[in-house]
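Shown next, in structure tokens, is the structure this report addresses.
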2 protein chains.
Amino acid sequence: MQRYASVINLKKEGAAEYQELHANAWPDVLAKISQCNIRNYSIYRYEDLLFSYFEYVGSDYEGDMARMAQDEVTQEWWSVCKPLMTPVLEAGKKEWWHEIQEIFHLD
Amino acid sequence: MQRYASVINLKKEGAAEYQELHANAWPDVLAKISQCNIRNYSIYRYEDLLFSYFEYVGSDYEGDMARMAQDEVTQEWWSVCKPLMTPVLEAGKKEWWHEIQEIFHLD
């Protein structure tokens, strides 16, 4: 199992809509996340910053992420969510969520 | 099981020492954390912000946290770590790490 944590900025004017969407996330989007081997997935908000944490239990992360990106319902979901967010300054050119460094872990 | 996530600021001049300490955390401190029913505990760094995530598996969170705070080795560990950090502006008077809101979860 591999843990992943990432950050992204939430636009002030998009915060309420983002929270509402994620309190009622589309079942097909959730099913696709599970099919792509993501478990124990949480998103937290600190002011204008979102933190995500999840555990990847598959053996082909890039492949699973590509599979998720090809899913039509997921694309539709992203088209609704993406305008509410903006990558942090430190994000790489190909990043949307910006992966952050784990500096401590205790099972 | 209850998930907890929190943030705190890492002082620029304390970042290297904080990371070094947490890469080699004291075994007695880790044992106490486990005894106090904390599991799957990770700390991530994003620039000057630390993000902690853990799962509490006991039935008396306040009591367990008080028990941890009474532990001598833990107190010594905190006396080394605390000068390297500073609570975020939004932290309440009794908070050190500031708890943040979960806005999404998928098992």
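Below, chain A is the first sequence line, B the second, and so on; all start at residue 1.
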* Check the pair B/Val88 / A/Glu47 against side chain to side chain contact (heavy atoms under 4.5 Å, CB included), numbers first and verdict last. => CA-CA 11 Å; B/Val88 296; A/Glu47 302 294 315; over 6 Å; no
* To do: Give the C-alpha distance, both sets of side-chain angles, the deciding distance and a yes or no for side chain to side chain contact (heavy atoms under 4.5 Å, CB included) between B/Leu106 and A/Arg39.
  => CA-CA 7 Å; B/Leu106 175 66; A/Arg39 301 287 181 277; over 6 Å; no
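When the side chains of ILVMFWY residues are joined at heavy-atom separations under 4.5 Å, either directly or via intervening members, B/Ile103 and A/Phe54 end up in a single hydrophobic cluster. B/Trp96 and B/Ile100 are not part of a single hydrophobic cluster, where members link through side-chain heavy atoms under 4.5 Å apart. With hydrophobic clusters built from ILVMFWY side chains whose heavy atoms lie under 4.5 angstrom apart, A/Tyr61 does not share a cluster with A/Val57. Cluster annotation: A/Tyr41 and B/Tyr41 are assigned to distinct hydrophobic clusters (Ile/Leu/Val/Met/Phe/Trp/Tyr, side-chain heavy-atom contacts under 4.5 Å, transitive). One hydrophobic cluster holds both B/Met85 and B/Ile33 under the rule that ILVMFWY side chains link at heavy-atom gaps under 4.5 Å.
Annotation: side chain of B/Tyr44 is not in contact with side chain of A/Val7 (no heavy-atom distance under 4.5 Å).
With rounding to the nearest 0.5 Å, the separation of NE2 in A/His98 from OH in B/Tyr46 is 6.5 Å.
Looking only at heavy-atom pairs under 4.5 Å with chain A, the residue among B/Ser52, B/Ala5, B/Ser42 that has the most is B/Ser42. Per-residue counts of heavy-atom pairs under 4.5 Å with chain A were compared for B/Asp107, B/Ile38, B/Leu50; the largest is that of B/Asp107. Counting heavy-atom pairs closer than 4.5 Å to chain A, the top residue among B/Arg3, B/Glu55, B/Gln19, B/Glu90 is B/Glu90.
Contact annotation for A/Ala23: only backbone heavy atoms (N, CA, C, O) come within less than 4.5 Å of a heavy atom of chain B. Only the side chain of B/Leu49 comes within contact range of chain A, judged by heavy atoms closer than 4.5 Å.
A parallel orientation is assigned to the rings of A/Phe51 and B/Phe51, their planes being inclined by less than 30° (bins at 30° and 60°). Between A/Phe104 and B/His22, the ring planes are perpendicular. Angles over 60° get that label, and only those under 30° would be called parallel.
Using a distance-only test at 3.5 Å, with no hydrogens or angles considered, no donor-acceptor pair links the side chain of A/His105 to the main chain of B/Asn40.
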